[in-house]
Amino acid sequence: MSAADVEEQPTFSVIAATAAVGAVVLLITLICSLRNKSEEEDKSEHDANQKESIANGQKNASKKKEKGLVKSKSQPTKDTFSHPWLATSLKGHSEAILGVDLSPNGKYLASCAADRGVLLWNVKEFDQKDHKSVRANVELDHATQVKFSPDSRAFIISLANANTIRIFKMGKKSDGSVGNIVADSTMDFPKVHEADIISIGLACTGKYIMTAAADTSLNIWDLKGEILASLDTHQMQNYHAAVSPCGRFIASSGFTPDVKVWEVEFSKTGEFKEVKRAFELKGHSAGVYSFAFNNDSTRMATVSKDGTWKLWNTNVEYKKNQDPKLVITGKCPSNRPSRIALSPDGRSVSVATDHDIHMYMATTAAAEGVLKDVHSSVITDIAFDNTGHYLISVGGRHMRVFHNVVGYRATLDDLKERLKGAKSESLRDRLQEQIQTTEKVLEGIGH
């Protein structure tokens, strides 16, 4: 073996060893790579399965929720409102209440909501802890307004989607309580308003129904759904409309700073004649959000965007060109959209703005109290009951019933003033008895 051969052998051995080591490293790297890839595929498949499982779970939960099997995690906030004047809270609707009305016989309060139901409540139970209601379902729609018939045996509603009127008849159960409330949807009035209906009314005479829309249209109907007259209020936009308690008048307010009042005339034989202008309430400097009548239509209260409310004497001979007289003007806490209510005797005024209710003495416009944060939602309506003893407010899914403390105070002031001028002993005794009774009521309320 030559010296050259001896020198080449170690070099070849080193190269062979290096190649062997490289092959082993490459093999190990390849094995690790394949293992990692396999783990990633397994992880990817697991993640996909997990996402699919979550998606299916959410889908199933959604289906169960739709069927009412799963409760939403975001439960409604517990109602904790309290006030010394609060008589009770009425809870029964599952969606926002949109309209209320009190029956002429003083027995029932009706409320309609977006939950496709109309609930009838017993007014006599206002002072009780528990309250029961009777439900009437509104098929394939929901009511936005509700008004009782003069005999308190039926009521009408305005339909949100159909944008027209439906009539419900109230039956009796075997125990004499209200039940078997039915409506025939085939007898719905025809749809004629292009804009949404915002106000409805039913005359105490039972001769006509009024509907007003959010544009400037106002219609008078007979009870069979035939239009007797159509008016353009020329107020740019209607905010509110109503039929007077006496049944003679209809009135509307809107973007313009006046309230327009018309008389609906019928012949002596009961046939419709015409709708003609009666008078206007002029004195506000901006649009009138809302207005209300007292029980005999001799007083009206208005609330305006100009930040004031006004009380009017409407007991005038307008056919002799007498205009309504402004009795007093009160200051509102703001000029935001508001609702106003006037007690049946015309002695107390309530103005609801946002979440609060402001109470005033009608004769002096003095602020007598503020009910703060009455509802968690904006107050959409307020009304006094037929006796004037209660004020009902609506906001969200609840109704509040308050003692009309301001009305009792006004009554007490009036009785004391009459006592001063009483000449007969029998009259003085009777007035003194009424004063004591009123004082006991206020004492029981806490005022």
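FYI, side chains are in, hydrogens and waters are out, and symmetry mates aren't considered; it's all heavy atoms of this structure. Positions are given from 1 along the sequence.
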For Leu427 and Ser424, the nearest pair of non-hydrogen atoms, with its separation, is CB-OG, 3.1 Å

Taking side chain as C-beta onward, heavy atoms only, is Phe272 less than 4.5 Å from Asp222?
-> no

Taking atom types as modelled and ignoring hydrogens, do the side chains of Thr308 and Thr329 form a donor-acceptor contact shorter than 3.5 angstrom?
-> no

Looking at residues at least two apart in the chain, or sitting in another chain, which of them share a salt bridge (charged side-chain N to carboxylate O under 4.0 Å, His left out) with Lys173?
-> none

ring-ring contact (aromatic ring centres under 6.0 Å, His included) contacts in which one or both residues fall within residues 86-124, not counting sequence neighbours | none

Please lay out, stage by stage, how Arg397 and Glu95 fare under the test salt bridge (Lys or Arg N to Asp or Glu O under 4.0 Å).
-> CA-CA 6 Å; Arg397 297 179 292 110; Glu95 299 290 345; over 6 Å; no

Any donor-acceptor pair under 3.5 Å linking the side chain of Asn295 with the backbone of Pro245?
-> no

Just jot down the side-chain contact (heavy atoms from CB on, under 4.5 Å) partners of Asn386, sequence neighbours excluded, or say none.
-> Leu102

With sequence neighbours excluded, what pairs up with Lys440 under the salt bridge (charged side-chain N to carboxylate O under 4.0 Å, His left out) test?
-> none

Apply side-chain contact (heavy atoms from CB on, under 4.5 Å) to Ser230 and list each qualifying residue two or more places apart in sequence or on a separate chain.
-> Asn219, Ile227

When you measure from the side chain of Ser285 to the backbone N and O of Asp306, does any donor-acceptor pair fall under 3.5 Å?
-> no

Is any side-chain heavy atom of Asn404 closer than 4.5 Å to a side-chain heavy atom of Ser348?
-> yes

Please confirm whether Lys273 makes a cation-pi placement over Phe266, using NZ or CZ under 6.0 Å from the six-membered ring centre and within 45° of the ring normal.
-> no

Count the heavy atoms of every other residue, nucleotide or ligand shown that sit under 6.0 Å from CD of Glu433, and state whether that count exceeds 12.
-> no

Not counting sequence neighbours, which residues clear ring-ring contact (aromatic ring centres under 6.0 Å, His included) with Phe384? List them please.
-> none

Sequence neighbours excluded, which residues qualify as ring-ring contact (aromatic ring centres under 6.0 Å, His included) partners of Phe148?
-> none

Answer whether the closest heavy-atom distance between the side chains of Arg299 and Leu342 falls below 4.5 Å.
-> yes

Relative to the ring of Tyr239, is the ring of Phe255 parallel (under 30°), tilted (30 to 60°) or perpendicular (over 60°)?
-> perpendicular

Do the rings of Phe81 and His83 sit parallel, tilted or perpendicular, given the 30° and 60° boundaries?
-> parallel

Would you mind telling me which of Lys372, Arg400, Arg336 makes a salt bridge (charged side-chain N to carboxylate O under 4.0 Å, His left out) with Asp356?
-> Lys372

Heavy-atom distance under 4.5 Å between the side chains of Phe126 and Leu90, does that happen here?
-> yes

Using distance alone, with no hydrogens and no angle criterion, decide if Asn163 and Asn161 have a side-chain donor and acceptor under 3.5 Å apart.
-> no

Salt bridge Glu265-Arg277, side-chain N to carboxylate O under 4.0 Å | no

By side-chain contact (heavy atoms from CB on, under 4.5 Å), Lys91 pairs with (sequence neighbours left out) Asp79, Ser89, His398

Could you list the residues that satisfy side-chain contact (heavy atoms from CB on, under 4.5 Å) with Lys282, not counting sequence neighbours?
-> Asp258, Glu280

What pairs of donor and acceptor atoms, side-chain ones from residues 387-394 against any protein atom, are under 3.5 angstrom apart with sequence neighbours left out?
from   : atom 1 : to     : atom 2 : distance (Å)
Thr387 : OG1    : Asp385 : OD1    : 3.2
Thr387 : OG1    : Asp385 : OD2    : 2.6
Thr387 : OG1    : His389 : N      : 3.1
Thr387 : OG1    : His389 : ND1    : 3.4
Tyr390 : OH     : Asp127 : OD1    : 3.2
Tyr390 : OH     : Asp127 : OD2    : 2.8
Ser393 : OG     : His375 : NE2    : 2.8

Evaluate the criterion side chain to side chain donor-acceptor pair (under 3.5 Å) for residue pair Thr233 and Asn238; output intermediate values, then yes/no.
-> CA-CA 8 Å; Thr233 64; Asn238 294 335; 2.7 Å; yes

So, do Met399 and Val100 sit near enough that their side-chain heavy atoms are less than 4.5 Å apart?
-> yes

Is there a donor-acceptor contact under 3.5 Å linking the side chains of Trp312 and Thr302?
-> yes

With no hydrogens and no angle check, is any side-chain donor or acceptor of Thr164 less than 3.5 Å from a backbone partner on Pro190?
-> yes

Here the ring-ring contact (aromatic ring centres under 6.0 Å, His included) pairs for residues 180-230, sequence neighbours left out, are Phe189-Trp221

For His240, ring-ring contact (aromatic ring centres under 6.0 Å, His included) partners two or more places apart | Phe291

Minimal non-hydrogen separation, Arg135 against Asn137, with atom names | NE-OD1, 2.6 Å

Kindly check if the number of other-residue, nucleotide or ligand heavy atoms within 6.0 Å of NZ (Lys207) is above 12?
-> yes

May I ask you to say whether Arg409 pairs ionically with Glu368, meaning some side-chain N is under 4.0 Å from a carboxylate O?
-> yes

